[in-house]
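Here's the structure, in structure tokens; my notes come after.
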Amino acid sequence: MSSLNEAQQRGVETANGPVLIIAGAGAGKTRVITHRILNLIKNGVAPGSILAITFTNKAAKEMRERVHALLTEDTGLNLPISMHERPFVSTFHALGVHIIRENAALLGLTRHFTIFDRSDSRRAIKEAMSQVFVDPKKFEPGIVLNMISRAKGEGIGHLEYADHAKEYTEETVAQVWEKYDAILAKEKALDFDDLLLKTAKLLETHEKIRMHYSSIWKYVHVDEYQDTNRVQYKITKYLAEAHRNICVVGDADQNIYSWRGATIENIMNFEKDYPEAIVITLEKNYRSTKTILAAANNIIEKNRNRKKKTLYTDNDAGEKISLTASYTENEEARVIADTTRSLIDKGVSARTIAVLYRTNFQSRVLEELFIKKNIPYQLVGVRFFERKEIKDVLSYIRASLNRDSWSDIGRIINVPVRGIGKATIAKIMSGKEELLPAATKAKVANFWKLLADIRTELLEKKPSEAVKFVIQETGIERTLREGDSEDEERLLNIRELVSVATQYDHLPPEEGIEALLSNAALATDQDDLVKNEDAAKLMTVHASKGLEFDYVFIAGMEQNLFPFKHMDENDINEMEEEEERRLFYVALTRAKKKVYLSYSMIRTVYGAQRINAPSEFIEDIPKDLIEDQLPEKPSGAKALFIDF
């Protein structure tokens, strides 16, 4: 407790009843949650009756490890406490998987139901659209999927959506949704949003199930509460129903996910939901310099829809914020690359540097310059589990456990090539396997036997050994070994999957492989950062949430880019501008030592050059916190004159 400040200690020691902890960026919220869990256990609360929910695998893993370390190292615990029993630390989606697996029969599923990732869902949406003759040129499948996803996040199911559909687009989406749900049901599968929606419905409609889990988890913790949507709000409310020992930690100033259903109202209305709630504010920042915090405070105080707080720190004032104006995005990228190279040459570790941008299209020119300057970098957003060779191996595992997963079977029945064509696959899927020629029947029979052998391995061997069996017995390893240099890289990737699987070897075989599949399906952009490569990170500001770096570049500080204005909008409304301001606040507070802001006077967008004004956010930072860098003459370009 002596290592915590006064506000943190209050958060740790306020054990019973509803607690709202407003935790500013870098204020040590994870430290408070983990020490709070330790304190509960030291005061006699059984570890298994404590639940902590967060949003990403990375955050859950870090919290789990820190709780384990605290329990292991604390000499005040009366050991042996049941050290096989641990607090349940999980993401929302993994919690949903856990509850659904234990109640699968009620949903017409088995324990080994398939979890559709985004690409699986998109494929199924396309299939559903074709079944109801919807033209994908008129209705983009990704947009249809987003509309369904948004409705599910609001707690709305297909029938309710269809009943309230008022115009042609909604009616069309309702038709597609009906077929999409039928595809999921046929394959004994759920998508990401179902993991939450089905869990909420189970808790809502089955009192015994609700009381079962709320009696198990007597103390509920929710991290990043400002990022919860309606369904996540319902889940936490149901789980805390019996004891009302709910501690939520969050920061309205970091609510940046409204586009995927997160509602700031959940954290703003917590005291209405729980009138007896105790509110604790963490304002002391342990991450950033005084200069960075002064800029961040000035940015965010303009927002109206927030719980007032002002971050402060005992850290040094630090360096001023650099502001660079460039003529073009290429020049901007060159300045960023040169500065990054200079930092690395001075001994700064590349992994402590991040380049943030508002939209993904900005990464291309940055990548080109980083390659040219020979700067090691990692583009966050290229996910390990979405690589083709990894998905092939996982599809073998999923198909062997769930023979109704036709999307997986269709994916790998001819991978590696075994002479089974599309016509054969169509006959198998339509139940006409007996009509196949004898030679083809034999090939299909061998494939079914392979799946049966894989299932046996999965249920009897450690996950890492079972994954080795899959890549060897399927012929994937042999095929890649005989291929070109790109295949060699793919081979390294599937061998890395074996290393990933070792993380689950301590669990019983079936439980371990289920955990591997769940975490693979629920992986986020940040999960690939676990390797901690010594490389600068290039990512959107959204992807940087929860991370920290010594040096942060924020590129594209231009009006209508940051803050971002959609092409079909005449102007940014107040709600959108407040979220954009929160997004910039998040970007600033990722930095420990120094922030570099930059913008280009001309940027090519959708093939057309656009003349830009500096972002209004720059004007909100006091001038004494900024050092301006004048634009250099464009290299290798004709003279450029701009009359403002």
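Please read all numbers here as calculations on a predicted model, not as lab measurements.
Taking the charged nitrogens against the carboxylate oxygens, Arg581 and Glu578 have no contact shorter than 4.0 Å, which rules out a salt bridge. We find that Asp120 and Arg398 are joined by a salt bridge, their nearest charged nitrogen and carboxylate oxygen being less than 4.0 Å apart. Ion pairing between Arg481 and Glu477 holds under the 4.0 Å rule for side-chain N and carboxylate O. Taking the charged nitrogens against the carboxylate oxygens, Lys186 and Asp404 have no contact shorter than 4.0 Å, which rules out a salt bridge. Between Arg358 and Glu580 a salt bridge is recorded (basic side-chain N to carboxylate O distance below 4.0 Å). With respect to the salt-bridge test (charged N to carboxylate O, under 4.0 angstrom), the residues Lys427 and Glu433 do not qualify. Using a 4.0 Å cut-off between a side-chain N of Lys or Arg and a carboxylate O of Asp or Glu, Asp392 and Arg411 qualify as a salt bridge.
Interatomic distance, Ile148 CD1 to Asp191 CG, rounded to the nearest 0.5 Å: 8.5 Å. Thr263 OG1 to Asp227 CG: the interatomic distance, rounded to the nearest 0.5 Å, is 11.0 Å. Remark: Tyr161 OH to Glu171 CD distance equals 10.0 Å, nearest 0.5 Å. Note that the CG atom of Leu184 and the NZ atom of Lys179 stand 13.5 Å from one another [nearest 0.5 Å]. Put simply, CE on Met539 and CG on Leu356 are 6.5 Å apart, with the number rounded to the nearest 0.5 Å. A distance of 5.5 Å separates CG of Leu538 from CG of Leu366, quoted to the nearest 0.5 Å.
Judged purely by atom type and a 3.5 angstrom limit, Asn229 uses its side chain to pair as donor or acceptor with the backbone of Gln232. A donor-acceptor contact shorter than 3.5 Å is absent between the side chain of His158 and the backbone of Asp181. Using modelled atom types, one side-chain atom of Asn57 and one backbone atom of Asn519 make a donor-acceptor pair closer than 3.5 Å. Put simply, the side chain of Lys188 never gets that close to the backbone of Thr114: no donor and acceptor are under 3.5 Å apart. With hydrogens and angles ignored, the 3.5 Å screen pairs a side-chain donor or acceptor of Thr199 with a backbone N or O of Leu195. Remark: the backbone N or O of Leu547 is paired with a side-chain donor or acceptor of Arg590 at under 3.5 angstrom. A donor-acceptor pair under 3.5 Å is formed between the side chain of Asn255 and the backbone N or O of Gln226. For the pair Glu154 (side chain) and Ile156 (backbone), a donor-acceptor distance under 3.5 Å is absent. No donor-acceptor distance shorter than 3.5 angstrom exists from the side chain of Glu558 to the backbone of Leu561, with no hydrogens or angles considered. A donor-acceptor distance shorter than 3.5 angstrom exists from the side chain of Thr91 to the backbone of Ala94, with no hydrogens or angles considered.
In this structure, Lys468 and Arg495 have side chains that are not in contact, with every pair of non-hydrogen atoms separated by 4.5 Å or more. Side-chain contact between Leu401 and Leu459: present, with at least one pair of heavy atoms (C-beta onward) separated by less than 4.5 Å. Looking at Lys166 and Glu170, their side chains come closer than 4.5 Å, going by heavy atoms from C-beta outward. Looking only at side-chain heavy atoms (C-beta outward), Leu458 and Ser400 come within less than 4.5 Å of each other. Between Leu196 and Lys234 the shortest side-chain heavy-atom distance does not fall below 4.5 Å. Residues Ser258 and Ile264 have side chains not in contact (no heavy-atom distance under 4.5 Å, counting atoms from C-beta outward). Side-chain contact between Phe447 and Ile409 is present, with at least one heavy-atom pair separated by less than 4.5 Å.
Under the 3.5 Å distance criterion, with hydrogens and angles disregarded, a donor-acceptor pair is assigned to the side chains of Asn493 and Glu389. For the residue pair Thr228/Asn266, the side-chain donor-acceptor check at 3.5 Å is satisfied. Using modelled atom types and a 3.5 Å distance limit, the side chains of Tyr225 and Asp251 yield no donor-acceptor pair. A donor and an acceptor atom, one from each side chain of Glu127 and Ser130, are nowhere located under 3.5 Å apart. No hydrogens or angles considered: a donor-acceptor pair under 3.5 Å links the side chains of Tyr213 and Asn103.
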Any chance you could lay out the side-chain hydrogen bond (donor to acceptor under 3.5 Å, both in side chains) test for Ser149 and Asp193, step after step, and finish with the verdict?
CA-CA 6 Å; Ser149 175; Asp193 302 296; 2.8 Å; yes
Is there a side-chain hydrogen bond (donor to acceptor under 3.5 Å, both in side chains) between Tyr396 and Asp408? Walk through the geometry before answering.
CA-CA 7 Å; Tyr396 268 106; Asp408 288 311; over 6 Å; no
Evaluate the side-chain hydrogen bond (donor to acceptor under 3.5 Å, both in side chains) criterion for residues Glu510 and His112: first the C-alpha distance (whole Å), next the side-chain angles of each, then the deciding distance (0.1 Å), finally the verdict.
CA-CA 10 Å; Glu510 184 175 13; His112 302 301; 2.7 Å; yes
Candidate pair Ser407 and Glu187, rule side-chain hydrogen bond (donor to acceptor under 3.5 Å, both in side chains), full reasoning
CA-CA 8 Å; Ser407 58; Glu187 299 201 20; 2.8 Å; yes
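In this structure, Phe370 and Tyr377 have perpendicular ring planes: the angle between them is above 60°, well past the 30° mark.
Considering every non-hydrogen atom in both Ser600 and Arg603, the closest pair reads OG-NH2, 3.4 Å. Counting all heavy atoms, side chain and backbone alike, Ile397 lies closest to Ile513 at CG2-CG1, 4.0 Å. The two residues Gly142 and Arg122 make their nearest non-hydrogen contact at CA-NH1, 3.1 Å. Closest approach of Tyr504 and Ala515 over heavy atoms only: CD2-CB, 3.6 Å. Closest approach of Ala60 and Ser90 over heavy atoms only: CB-C, 4.1 Å. In plain terms, the two heavy atoms of Lys545 and Val586 that are nearest each other are CD-CG1, 4.1 Å.
Taking the six-membered ring for Trp, Phe584 and Phe562 have ring centres closer than 6.0 Å. The aromatic ring centres of Phe88 and His98 sit less than 6.0 Å apart.
Other residues, nucleotides and ligands contribute more than 12 heavy atoms inside 6.0 Å of the CE atom of Met429. The environment of CD in Glu207 is sparse: at most 12 heavy-atom neighbours from other residues, nucleotides or ligands sit within 6.0 Å. More than 12 heavy-atom neighbours from other residues, nucleotides or ligands sit within 6.0 angstrom of CZ on Arg418.
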